[in-house]
Each structure stands twice: as structure tokens, then as C-alpha cells.
Amino acid sequence: MSRYNPQLIESKWQKKWSENNYYQADDSSQKTKYVVLVEFPYPSGTGIHLGHTREYTLGDFIARYKRLQGYNVLFPMGFDAFGLPTENYAIKHQISPIKATQDNIQSFEKQMKLLGFSLDWSRKINTSDPAYYKWTQWLFLQFFKHDMAYQTEVSINWCPFCKTGLANEEVVNGRHERCDTLVEKKKLKQWMLRITKYADQLIDGLKQVDYLDKIADQQINWIGKSSGAKVKFKINKSHLTVEIFTTRLDTIYSAACLILAPEHPLVNQLTTDQNRAAVNEYIKETQSKSDVDRQIDKQTKTGYFLGSYAVNPINQNLIPVYIADFVLANYGTGAVFGDIHDERDAEFLRQHHIKATVSVVPKDKQLAQRVIDQTEIFTQDGYLINSDQFNGLNSEQARKSILEFLINQGLAKEQINYRLRDWVFSRQHYWGEPIPIIHCPVHGPVAVPDQDLPVELPKISSYQPTDDGKSPLSKIASFVQTVCPICHQPAERETDTMPNWAGSSWYYLRYFDPNNDKFFVDPVKLNYWYPVDFYLGGMEHTTLHLLYSRFWANFLADIKLLPSPEPYLVRRAQGIVLGPNGSKMSKSKGNVVNPMDILNNGYGADSLRLAIGFIAPYDLTTAWNSEILAGTYRFLNRVWNIINQFVVDHDNFKIIDENLKLEQQLKVIINNMVNQVELDLNKLNFNTAIASMMEALNGLYKIYQKSINQIKLEVWQNAFETYLIVLSVFTPHIAEELWQIMGRDQSIQLSTWPIVDQNLLINKTITLIVQVNGKLRGTLNIKADLHQSEVESLIKQNQHFQAYLKHQSIKKVIFISNKLINFVI
RNA sequence: GCGCGAGUGGUGAAAUGGUAGACACGCAUGCCUUAGGAGCAUGUACCGCAAGGUAUGGAGGUUCAAGUCCUCUCUCGCGCACCA
């Protein structure tokens with residue numbers, strides 16, 4: 001009997017599978033389709049890491065399970081090759097990004113194959129391939145043609161290290177999420193996509209899909225819808241008005257001042273000569289500070305009085321106008337009224353000695369008094385005081401009434417604001433899709449005609465971005481100089497490129513039809529495959545890739561390029577794999593576990609795959625633990641040994657003393673396992689599914705060692721074969737090898753998922769729980785479906801239980817058939 | 001501060017309101033041997049000789065019955081954050 005040698009069998013089967021194209025999805029199948037999508041990787045130089053391995057292994061479990069169930073499964077893979085990581089890698093290693101990408105893709109693909117993923121490699125895509133980005137550019141032009149892409153001079157987040165603009169989503173704690181450099185503000189003319197137009201749809205669409213709650217919550221949070229009102233404040237002795245945004249119109253009687261953002265356009269006009277010098281000084285100061293610096297000390301509310309006064313439209317009170325850097329220029333109207341019912345405002349009033357009035361108090365009288373005395377700040381909804389005819393209303397009623405009152409005078413209107421900003425879509429980098437626009441002195445920005453797509457990236461020698469905020473493409477005259485497609489007069493190409501999120505915003509669609517050079521995807525294939533049935537990815541993309549790609553799909557559905565707006569029916573996120581010491585894996589900490597090392601250590605892909613499924617629930621962040629691996633390896637050895645033993649015993653098999661009860665037991669073990677694994681896989685409980693397989697194997701061992709000759713050969717054969725089919729979802733190589741050793745010619749992948757025998761699930765005898773006053777007092781092995789009276793009489797005959805019930809009056813008996821009996825005494 | 005989620009053995013973790021700790025790691029004892037990165041058997045929450053009692057971060061509550069439901073509270077993780 002041979003020993004289990006994963007390296008030998010794994011490479012053998014990987015080769016066979018790829019030769020036989022088992023995983024190529026069929027575009028014209030009669031079967032029901034099922035698309036399993038996992039986020040495609042950046043092909044960085046370090047090869048795949050354990051995080052990829054977890055994500056793709058879990059996706060592979062689903063894909064293999066669905067395939068055995070008879071679905072036409074599409075489980076594709078590609079490479080998100082544009083973007084900063086690849087460019088930085090190329091610069092560092094002094095090779096061209098094209099070459100770097102090719103090399104890295106090759107090694108990624110090789111490594112993924114070593115892990116036995118059932119990917120359809122015939123559909124491989126690469127976002128940096130001109131044949132692919134031709135359609136990224138074409139799709140961008142659809143945005144442009146529908147006024148969804150526009151150019152504007154904006155103050156953008158600028159990364160001085162990467163020398164490029166960033167989207168809000170890429171800035172984390174004031175730093176660029178990739179390189180951790182402090183982000184600066186810079187005014188640049190940028191291409192923007194109107195994602196804000198889809199804010200409501202992106203919230204509402206979540207109701208139609210099955211996303212993990214926290215994913216949906218995070219997206220809703222990020223979009224940050226808030227309903228309130230815009231109110232006009234007239235400036236005293238002036239024709240000017242300042243518009244403010246508030247969600248708390250019920251507190252307007254408390255408005256003690258107006259506060260504008262330093263960048264507010266009216267600041268200059270509202271500043272009196274007397275204050276001008278100091279105000280300008282303050283503005284200069286804030287501009288020199290980064291967002292992070294501004295937020296370092298949230299307690300100190302700096303600001304400056306402009307010299308003007310505004311008129312509170314509700315009561316005609318004159319209130320001073322200030323600027324302060326805690327008011328954000330790019331949210332709402334860039335101006336607010338300051339009042340005591342907001343913690344920040346209250347702090348501002350206190351620090352600048354502005355007199356505050358209370359207008360909302362809580363119901364609790366003692367608390368209300370403290371609020372009136374201004375010893376306590378009350379920011380919640382309550383009841384109105386000091387508010388003329390609105391006194392006594394609750395906050396919600398007051399908001400409505402006051403809004404109506406002001407609307408009638410033309411001084412207010414309802415307003416919904418979002419935190420979500422339009423998407424800065426320009427990058428000043430070489431390694432991205434060129435934005436396919438030509439700037440004509442006469443016609444302005446003009447779309448590159450479809451027949452001229454793709455606008456290919458020119459090959460250049462220096463990829464280094466420039467300091468002046470321009471893409472390196474701007475230095476290539478032969479690229480820049482062109483003619484206007486409308487008037488054929490000299491014109492210039494756009495030199496900005498798209499962000500790395502562009503290619504990934506629609507990549508899943510390209511898998512449906514990866515080689516089409518006539519259209520981004522053939523409508524017939526699109527209708528068959530769209531939408532994605534199951535999408536697994538990282539939590540970190542919830543407000544980046546996931547939101548962006550939903551936005552693209554929503555827009556493309558609006559212009560009839562997609563059948564429906566929501567691209568992913570189910571979205572789940574796998575947990576992060578931490579280093580063995582419980583902290584994030586990183587080179588500097590020296591706690592990186594490389595999946596390829598695990599393979600080279602002789603454990604093999606099957607043990608690794610199993611360990612990944614077994615270590616914890618799939619969505620839990622978990623520290624890598626190589627002892628789990630030793631356990632799964634041991635388990636596979638036991639599977640290997642018992643089946644090889646069976647094949648040996650098979651030849652000299654003689655039935656002795658046939659035992660039908662034992663045979664039934666064997667069948668029940670297998671049937672229970674299939675049932676349990678099926679239930680668990682449907683819920684993505686891979687860890688308990690694998691535990692069920694281990695439990696079943698323990699059961700098989702027990703019966704096999706003692707009583708192999710008491711059960712018919714074909715029952716054994718059937719049990720082991722069923723076992724292997726279920727196992728093949730998790731560990732395809734060893735399953736395939738043992739399947740062959742058992743004498744089957746056809747691949748185990750072409751088998752069908754076993755059917756659970758419902759009759760075998762019903763137990764003939766059960767273990768009844770016996771409780772007294774809810775406390776466990778023992779169990780009783782009895783026939784199933786006994787009546788309460790029968791059970792009670794059995795218990796009364798039982799000395800052990802009698803000890804508890806004797807001399808007691810039984811008040812009540814709770815009886816749940818086949819489960820429990822509880823005596824209340 | 002806001003939004004989500006989680007707290008269970010020495011460890012990773014199981015438990016449709018119904019036997020808490022499945023499965024696995026580790027450990028202990030024994031067996032076997034071709035002495036291995038093995039294999040097999042038994043045991044392994046805590047207290048107690050036992051009968052029994054106590055245990056799911058803490059405090060209450062609902063219930064015949066609570067890890068699970070409710071209220072309060074503590075701790076940790078993730079996300080967002082001067083968004084009016």
C-alpha cells in the first residue's frame with residue numbers, strides 16, 4: 001500500500017484537468033447557470049498571499065459544489081493590472097510595466113493552478129491589455145456622452161509621493177491608503193463621474209440584493225444621506241444673502257451666529273475693512289494646514305468674526321457672521337448657523353463668547369432645567385421653548401411647521417444632502433487607461449470616435465510622474481498632438497489616465513465574452529450570464545470597488561446596455577488572515593506566511609485548502625495557525641489509508657455473519673454526513689461541513705476495523721464513493737486519486753451530488769432529555785414517537801429518576817416529542 | 001461621537017430557546033513498531049472521594065427551560081467621523 005504523497009498526485013491531476021477542460025463554462029448550455037465571482041488580484045511582484053488563497057479557496061468550494069449539483073458554473077479569473085502597485089513595482093525593478101505585468105500574471109496563474117482552483121482559464125482577462133481597455137474607454141465615453149463625466153477645477157486630494165490625485169475613498173485618516181503619505185490639497189482640472197446622481201439608487205438597490213448586513217450598512221453610511229433644509233439668511237444693511245444647510249430647523253430660534261467655511265465665496269464681501277487683515281491671515285493659516293492638521297485638535301474651535309451681521313429669518317434677530325475651519329466648504333452650502341443644540345457649535349459659541357439661547361428641552365424636568373441654565377448641552381430631539389408660536393411642539397413637528405412657514409416666505413426649501421462626492425476620475429500617471437478625449441480649441445472636449453479606440457498607451461522611457469501635476473504622457477508630443485474629430489483642426493489629447501478602479505468596475509461582464517472585438521459583451525451571452533450569482537471579496541472594497549462597480553452597472557442599465565441595475569445578487573466578504581502572532585501580515589513584522597511555502601513543505605494543496613475551510617467561519621478575521629494544517633493533513637492520511645485498505649480487502653472479501661443493523665448504521669453515517677455538508681455549504685459554514693466529514697470518517701473507521709466482513713461489499717463501495725464525491729468539493733486531488741484507485745475511470749468531477757435519503761434521517765430510537773425544573777437529570781434511550789403517557793410511565797419505573805420525583809407534587813409536565821420531557825415540581 | 005459585529009476550555013472553535021464545549025489542535029496515560037514530521041486506544045471545562053454542585057465578559061429580566069430573546073453595563077475588533 002502506497003503512502004499519501006500529495007505532491008505526486010496533485011501535479012498529475014492538475015495536468016489532467018486542464019487537458020480535459022473540465023472547468024470551461026458553456027455559453028450555450030441547457031443547464032441553469034451559476035456565476036461564482038471572486039475579486040481578481042493585482043498581479044504584484046510578490047506572488048499570491050494567504051488572503052488570496054482564502055478567498056479563492058472558498059470560491060472554489062462553491063464552484064465545485066454547484067458543478068456537482070448540475071449547474072453550468074462560470075468561475076473565472078483575471079488580473080487587475082493597471083494602477084499604482086504595478087507602476088511602482090516597475091519603476092523599482094527598472095522594467096517596463098508591460099513586462100512586469102506579464103511576468104507577474106504568469107507567476108500568479110501558475111501559483112493558482114498549484115492550489116487546484118477550478119477556474120476557467122480560457123476566459124482570463126487583463127485590464128491593461130489594449131483589447132480589454134478599448135472597452136473600458138468605450139464605456140467611459142458612454143458616461144461622457146450622457147453628461148455623466150465632466151471636467152472641473154477642483155481642490156483634490158493630492159498624494160505628493162505618488163504624485164497623483166486621489167478619490168475621497170482612497171484617503172484614509174488623511175493619508176493615501178496605499179503609500180501612507182500625508183495627502184495634500186491641490187487645485188487641478190479633473191475628470192469627474194457623477195456618482196452622486198446615483199446616490200439614492202445605490203441605497204435603494206441594496207434592497208433587491210442579498211449582501212451581508214455590514215456591507216450594505218457601510219455603503220449606506222458612506223453615501224450618507226441626510227434630509228434637512230436650506231435656509232436664506234439676509235445680511236444686515238446689504239443685498240447679500242447667505243444660504244445655510246441644517247437638519248435641525250427646530251433649533252433655528254437658537255441661531256446665535258452664522259458660520260461660514262473659510263473657502264466660502266461670500267467671505268470677502270462680508271468682511272468689513274476693519275477685520276480684513278485678520279480674516280485674511282486666518283484664511284491663509286487654514287489653507288496651509290492639511291485636513292489632518294485641521295482635525296488634530298477638535299476641541300479648539302478657531303474662527304474669526306467678519307464684521308457683518310445676518311438677520312435670522314424666523315425672528316429677525318441680528319446675529320454675527322464668522323468664519324471657522326470646522327465648517328466644511330464642500331458639504332451642504334458651506335455655511336451653518338451656530339447654536340447651542342450642537343456640540344461643536346456650542347463649543348464655538350463658548351470659546352468666542354457668543355450669547356446662546358435654548359430653544360429645545362427634554363421632557364425630563366430636572367434635565368430641562370439644567371439645559372435652560374446651560375449647564376448641560378442637549379442635542380437630541382425634544383420640545384420647543386422660546387420659539388413663539390412653535391412653543392410646545394416636539395422637534396419633529398416643529399421641523400415640519402417651521403419649514404412650511406419659511407417656505408411660504410420664499411426663505412427656505414427642503415434639501416437632501418449626501419456625504420458621497422462625485423468621483424475624481426483623473427490620475428496623473430502613466431500606467432492606466434488613457435482617457436479617450438481630445439481637447440479642441442473650438443469644440444472643447446470631444447470624444448475619440450469609436451473606430452479610433454483604443455487610445456493606446458505609447459511606449460515611453462520614463463514612467464516617473466511629474467511634479468507639476470501632469471501625467472508623464474503630457475511630455476510625449478506624438479501622443480498629445482492630434483486633430484479634432486469634428487473640425488480636423490489641430491487639437492490635443494487628454495493626458496490624464498483613469499484610476500485603477502476603472503477596469504475593475506466592469507470586469508465581471510467581460511468574463512461573459514472575453515474575446516469580443518465588436519462589443520464590450522455580446523448581448524445574448526450577457527442575457528444568459530448576467531447578473532453574478534455569488535460574489536466573494538474583501539471588506540476593504542465595500543466603499544471602493546463594490547460601490548463603483550454598482551454605480552457603473554446602474555448607469556449602464558439606465559442606458560440599456562445591461563438588463564438590470566444590480567450586478568451582484570449575493571455579496572459576502574471573507575475575513576482577513578492575520579500572521580501567526582495575531583497581527584496583520586507584513587514584511588516588516590516578518591510574519592508573512594506564504595502559501596507556496598506550505599506546498600513546498602510537503603503538505604500539499606488539499607491539506608491547505610482544507611485548513612483554510614476548517615480554521616474558522618469564513619468571514620471571521622483569524623490568525624494563521626499551522627497546527628490546523630497538521631490536523632487536516634492527518635485527516636487526509638486517514639482517508640487515504642482506509643480507502644487503500646478497502647481496495648486491498650476488496651479482493652479477498654468474504655461476507656461473514658452479515659449484520660443488517662450495522663449496514664444500516666453505515667448508511668446512516670454517510671447519509672447524515674451528506675445532509676449536514678449540504679446544509680452547511682448552503683450557509684457557507686465550511687468549517688462545520690468539514691467537521692461533519694471528519695466525524696463521518698471516525699464512524700467509518702470504527703465499523704470498518706471491527707466489522708468489515710459483516711456488511712455487503714457493494715454497501716461499502718457505495719459508502720466510500722459517496723464519501724469521496726462530497727470530499728472532492730474541498731480536496732479535489734486526493735478525491736480524484738482515490739476514486740481512480742477504487743477503479744473508476746471517469747473523473748470524479750463528472751459525478752453528481754448524492755441525494756439525501758430523507759427516510760434515513762429519521763431515527764428509530766432517540767435519546768430523550770429528562771429534566772426536572774429545567775435541570776438535566778439524565779437521558780433515556782427509547783423508541784421514537786412514543787406518547788407522553790408512555791414516556792412518563794417509563795420514567796416512573798426508573799429508579800434513578802424516581803429519586804428526583806418521589807415525595808414531590810408534579811405541577812406541570814412539558815413534553816416535546818422525541819426531544820425532551822421536563823417535570824416542574 | 002455614530003454605524004456594525006464579537007466576548008464560550010490551555011488553543012482554533014460547535015450549539016433551529018431544549019444534554020454547553022461537536023470537530024480539531026495541544027496535553028496525559030497506555031499499546032505497537034519498519035523509531036516517524038508516524039499509527040492506534042483511552043482520557044482531558046472547573047470544584048468534589050462521591051452523590052452532586054458550578055460554569056458561555058458582568059448585573060438584572062422574560063421562560064417549564066437562556067450561550068441563544070429583552071434591558072443595562074464592561075471589554076475588544078471593524079468601518080465612518082468637525083458631514084451641521
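Each chain gets a letter, A, B and so on, in the order the sequences are listed, and its residues count up from 1. What you see below is based on every heavy atom in this structure, not just the backbone, and it leaves out hydrogens, waters and symmetry mates.
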> Does B/rU44 have a Watson-Crick or wobble mate here (both distances under 3.5 Å), and if so which one?
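In the structure as shown, B/rU44 has B/rG26 as its Watson-Crick or wobble partner.
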
> Could you tell me whether A/Gln771 contacts a base, only the sugar-phosphate backbone, or nothing, with contacts defined as non-hydrogen atoms closer than 4.0 Å?
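Since a base atom lies under 4.0 Å of A/Gln771, the category is base.
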
> Looking only at atom C1', what distance separates B/rG77 and B/rA84, rounded to whole Å?
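B/rG77 and B/rA84 have their C1' atoms separated by 30 Å.
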
> For A/Phe326 together with A/Phe348, are the ring centres under 6.0 Å from each other?
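Ring-ring flag for A/Phe348/A/Phe326: true, centres closer than 6.0 Å.
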
> Give the nucleotide from the list B/rC82, B/rU19, B/rA15 with an atom nearest to the side chain of A/Ile769.
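Minimum distance to the A/Ile769 side chain belongs to B/rU19.
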
> How is A/Val327 classified with respect to the nucleic acid when contacts are heavy atoms under 4.0 Å: base, sugar-phosphate, or nothing?
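It contacts base atoms.
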
> Is any side-chain N or O of A/Lys214 under 3.5 Å from a base N or O of B/rC78, one able to act as donor and the other as acceptor?
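Absent.
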
> Can you check whether A/Phe686 and A/Phe61 have ring centres sitting under 6.0 Å from each other?
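When the ring centroids of A/Phe686 and A/Phe61 are compared, they turn out to be within the sub-6.0 Å range.
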
> Hey, does the side chain of A/Thr543 reach the backbone of A/Gln219 with a donor-acceptor pair shorter than 3.5 angstrom?
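Here the side-chain-to-backbone pair does not exist.
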
> Of the nucleotides B/rC4, B/rC23, B/rA84, which has the atom closest to the A/Tyr331 side chain?
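Nearest to the side-chain atoms of A/Tyr331, counting from C-beta on, is B/rA84.
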
> Can you say whether a donor on the side chain of A/Gln218 sits under 3.5 Å from an acceptor on the base of B/rG3, or the other way round?
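Such a pair does not exist between side chain and base.
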
> Given 3.5 Å as the limit, does a donor-acceptor pair link the side chain of A/Tyr701 with the main chain of A/Ala696, or not?
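No, because the side chain of A/Tyr701 does not come within donor-acceptor range (under 3.5 Å) of the backbone of A/Ala696.
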
> Taking atom P in both B/rC32 and B/rU19, what distance in whole Å separates the two?
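B/rC32 and B/rU19 have their P atoms separated by 41 Å.
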
> Using the P atom as the point on both nucleotides, what is the distance between B/rU29 and B/rG79, in whole Å?
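It works out to 46 Å between them.
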
> Can you tell me which nucleotide in B/rA84, B/rG52, B/rC64 comes closest to the side chain of A/His800?
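Comparing B/rA84, B/rG52, B/rC64 against the side chain of A/His800, the answer is B/rG52.
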
> With the side chain of A/Leu776 defined as its heavy atoms from C-beta on, choose the nearest nucleotide among B/rC64, B/rA84, B/rA20.
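In terms of side-chain proximity for A/Leu776, the closest of B/rC64, B/rA84, B/rA20 is B/rA20.
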
> Ignoring backbone atoms, establish whether A/Arg777 has a side-chain N or O less than 4.0 Å from OP1 or OP2 of B/rG53.
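Indeed, a polar side-chain atom of A/Arg777 lies that close.
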
> Which is true for A/Arg421 with a 4.0 Å heavy-atom rule: it touches a base, it touches only sugar-phosphate, or it touches nothing?
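The answer is base, as A/Arg421 lies within the cut-off (heavy atoms under 4.0 Å) of a base atom.
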
> B/rC2 pairs with which nucleotide, Watson-Crick or G-U wobble, both distances below 3.5 Å?
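Partner of B/rC2: B/rG79.
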
> Step by step, would you call A/Ser254 with A/Asp339 a side-chain hydrogen bond (donor to acceptor under 3.5 Å, both in side chains)?
CA-CA 5 Å; A/Ser254 296; A/Asp339 70 270; 5.2 Å; no

> From the set B/rA15, B/rC80, B/rG12, return the single nucleotide nearest to any side-chain atom of A/Trp222.
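Per side-chain heavy atoms of A/Trp222, the pick is B/rC80.
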
> With sugar-phosphate meaning primed atoms plus P, OP1 and OP2, does A/Phe614 contact a base, only sugar-phosphate, or nothing at under 4.0 Å between heavy atoms?
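It contacts base atoms.
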
> Please state whether the rings of A/Tyr633 and A/Tyr603 are parallel, tilted or perpendicular, taking 30° and 60° as the class boundaries.
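Ring orientation of A/Tyr633 relative to A/Tyr603: perpendicular.
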
> Nearest to the side chain of A/Arg638, which nucleotide is it out of B/rC40, B/rA84, B/rU19?
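The closest nucleotide is B/rC40.
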
> Is the backbone N or O of A/Ser586 less than 3.5 Å from a side-chain atom of A/Asn591, with the two atoms forming a donor-acceptor pair by type?
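Yes; at least one donor-acceptor contact below 3.5 Å.
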
> Can you tell me, in whole Å, how much space there is between the C1' of B/rU63 and that of B/rU44?
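Here B/rU63 and B/rU44 have their C1' atoms 34 Å from each other.
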
> Please state the C1' separation for the pair B/rG30 and B/rC49 - nearest whole angstrom.
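Taking atom C1' in both B/rG30 and B/rC49, they lie 25 Å apart.
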
> Here's a test of your reading of the structure: between A/Thr247 and A/Thr779, which maps to the more 5' nucleotide of RNA chain B?
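The 5'-side residue here is A/Thr779.
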
> Could you check B/rG9 for me: syn (within 90° of 0) or anti?
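For B/rG9, whose glycosidic angle is within 90° of 0, the conformation is syn.
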
> Touch check for A/Ile814, heavy atoms < 4.0 angstrom, all strands: base, sugar-phosphate only, or nothing?
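Base: the residue A/Ile814, judged by heavy atoms under 4.0 Å, touches a nucleobase.
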
> Base, sugar-phosphate, or nothing for A/Asn637, non-hydrogen atoms under 4.0 angstrom?
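Nothing, no nucleic acid heavy atom in range.
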
> Closer to the 5' end of RNA chain B via nearest nucleotide, is it A/Asn601 or A/Thr622?
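By nearest-heavy-atom nucleotide position, the 5'-most residue is A/Thr622.
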
> Hunt down the Watson-Crick or G-U wobble partner of B/rC32, both distances under 3.5 Å, from any strand shown, or write none.
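With both distances under 3.5 Å required, B/rC32 matches none.
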
> Within the 4.0 Å heavy-atom criterion, would you say A/Asp217 contacts the bases, only the backbone, or no part of the nucleic acid?
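Result for A/Asp217 = sugar-phosphate.
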
> Report the nucleotide, chosen from B/rG79, B/rG18, B/rU19, that has the shortest atom-to-atom distance to any side-chain atom of A/Leu820.
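So the nucleotide nearest the side chain must be B/rG18.
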
> Once you apply a heavy-atom cut-off of 4.0 Å, does A/Ile690 come out as touching a base, just sugar-phosphate, or nothing?
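No contact.
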
> Work out how far the P atom of B/rA55 is from that of B/rA20, and round it to whole angstrom.
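The answer is 13 Å between these two P atoms.
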
> Report the nucleotide, chosen from B/rU19, B/rG37, B/rC23, that has the shortest atom-to-atom distance to any side-chain atom of A/Tyr603.
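Nearest to the side chain of A/Tyr603 among the choices is B/rG37.
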
> P atom, B/rG37 versus B/rA14: distance in rounded Å?
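Looking at atom P only, B/rG37 and B/rA14 are 33 Å apart.
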
> Given B/rC82, B/rA81, B/rA65, which nucleotide is nearest the side-chain atoms of A/Arg419?
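Between B/rC82, B/rA81, B/rA65, the one nearest the side chain of A/Arg419 would be B/rA81.
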
> Just to be sure I understand the rule, does A/Ser226 reach a base, reach only the sugar-phosphate, or reach nothing, if contact means heavy atoms closer than 4.0 Å?
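Touches sugar-phosphate only.
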
> Of the nucleotides B/rA14, B/rA84, B/rU54, which one has an atom closest to the side chain of A/Lys775?
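Given the options B/rA14, B/rA84, B/rU54, the side chain of A/Lys775 is closest to B/rU54.
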
> Is the side chain of A/Asn818 donor-acceptor paired with the backbone N or O of A/Asp785 at a distance under 3.5 Å, no angle test?
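Flag set: sc A/Asn818 to bb A/Asp785 pair under 3.5 Å.
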
> In whole angstrom, give me the gap between the C1' atoms of B/rA81 and B/rU16.
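Their C1' atoms lie roughly 39 Å apart.
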
